Asker: 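Let me begin by handing over the structure; questions about it come next.
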Amino acid sequence: MKDLSESRILIVEDDRPNIDMLVHALRNDYQLSVTRTGENALHSAAKNPPDLVLLDILMPGMDGYEVCRRLRAASQTREVPIIFLSALEDVHNKAKGFEAGGNDYLTKPFEVLEVQVRVRSLLKAKAYNDSVKEEIASELRIAREIQMGILPADVASCTRGSGLDVHAVLEPAREVGGDLYEVLRTEEGRIVIAVGDVSGKGLPAGLFMAITTTLVRTMARQFKMPEEIIVQVSDALAAHNPRDMFVTLCCAIFGPQKGQVSCASAGHPSPILLRPGCPPSLPFHNQTMVAGIFPGMAASSQPLTLQPGDTLVFYTDGVTEAFNAAEVQFGQAGVTEYLARNPTTSAADTVAGLLAAVRQHAGERPQSDDITILAARFTPEK
Amino acid sequence: MSVPHSLPVELAQLRPDLERLWTALDGFDLSGSAAALQKVARLELPADLRATASSLQELIDDYEFNRAGEIVKEVLAGLPEGPPS
């Protein structure tokens, strides 16, 4: 936990004797910033974010309520404790201070001991709060590392000689997310590709993603058809699913003959087929509900024969549902239009180009959902 | 406040400390500016800079950070370029 003597207190007060008293009470124990106007207080807080603010209400120019509102609106000072200082004992003024975002109230004339005790109490609470947040943030960073470690480490070596050029990217919207992908080679030489999206976000989705990925990895080595893998994964998830979470899952198996692929889906959109000289198309239909909730689901797969140069592009809804500042989604149309206009010669270029197009569409708007893009290009000469 | 015409070489070395002082004053940082000024005042200064340091102390004691900052800015503008700070 932070040493309280490193804490910075911002005193915002226009009356000189009151400033002197507060400085006298606090300068030996804390770092102090002092301003006599609200405008300067905001400037100071932006330069040296305080750990606590002592804020007068009636000042020339901007009053304390407005300063408080603006501090609460700024990310750096959103949660900093604010103690209002005022001669106004009226309960309505106190209520107004709390409504503006204040945490406590000191009535003038101050008692040195009371100032010191209240300041220390709020700083201790803030330091504890900060340390808990840091601990959680640290655990989430580790969770992210673990989650990224679950994903296939070396897609290129696992697909070498299969006639497939595979590349994937997964970008969680938060530290951990619910998207997943898997690429593995079975003992018979088939390549299994799965892409999924767990309901919800954050840690719960991350845990469900880890379970789902492990199940996909296990079932893909035991079952030869994609619909069998999906049904087995769904049944296993449903058997231990206290929060009724679910996952959309698309599973494709390439082989045993080069160019053969069969695909099954549980609530997940069909991959997009990019065939040289043809517009992008959706070769598979999603015939099944999401996986993980109801045991005994039925699923079926659909076959496709790939031609040299064909690419299947799998993605999650973080791609189609990426919003821009005008609240417009990138959409399925955005994906297919981009892919139609930008043919590439490698899976890596397809993935990187589509991701860049999504980013360009979203602009400054923060990513709201996990993004996964996986491209599998059929190149039988490789 | 003016900067002496014949500057001792050491004056150029004042720049980093004065820049730190200016940054503290610009942020209304009472503790930081008091500490930075104390460090400057401990150096061997020409008479007029000593006087300036003394008036800066008074301004900081009066919480007049803007005025103190303007004075420091003037002193910085009159200093020879020192090593990169």
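Computed from a predicted structure; not experimentally measured.
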Asker: Has D63(A) got a side-chain atom pairing as donor or acceptor with I57(A)'s backbone, closer than 3.5 angstrom?
Answerer: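 Looks like no, no N/O pair under 3.5 Å.
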Asker: Within the side chain of R70(A), is there an N or O that forms a donor-acceptor pair under 3.5 Å with the backbone of L42(A)?
Answerer: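 It does not hold such a pair.
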Asker: Can you tell which part of I19(A) gets under 4.5 Å to a heavy atom of chain B, answering side chain, backbone, both or neither?
Answerer: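 Looking at I19(A), backbone and side chain both touch chain B.
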Asker: Could you tell me which portion of N66(B) (side chain, backbone, both or neither) has an atom closer than 4.5 angstrom to a non-hydrogen atom of chain A?
Answerer: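 Side chain only.
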Asker: Where on N40(A) is there a heavy atom nearer than 4.5 Å to chain B: the side chain, the backbone, both, or neither?
Answerer: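 Answer is both: backbone and side chain atoms of N40(A) are under 4.5 Å from chain B.
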Asker: Whether the side chain of R36(A) engages the backbone of V12(A) through a donor-acceptor N/O pair (distance < 3.5 Å, no angle test) should be reported.
Answerer: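 No, the answer is negative, given that no donor and acceptor are paired below the 3.5 Å cut-off.
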Asker: Apply ring pair (Phe, Tyr, Trp, His ring centres under 6.0 Å) to Y63(B) and F28(B), showing your working.
Answerer: CA-CA 8 Å; Y63(B) 318 112; F28(B) 300 88; over 10 Å; no
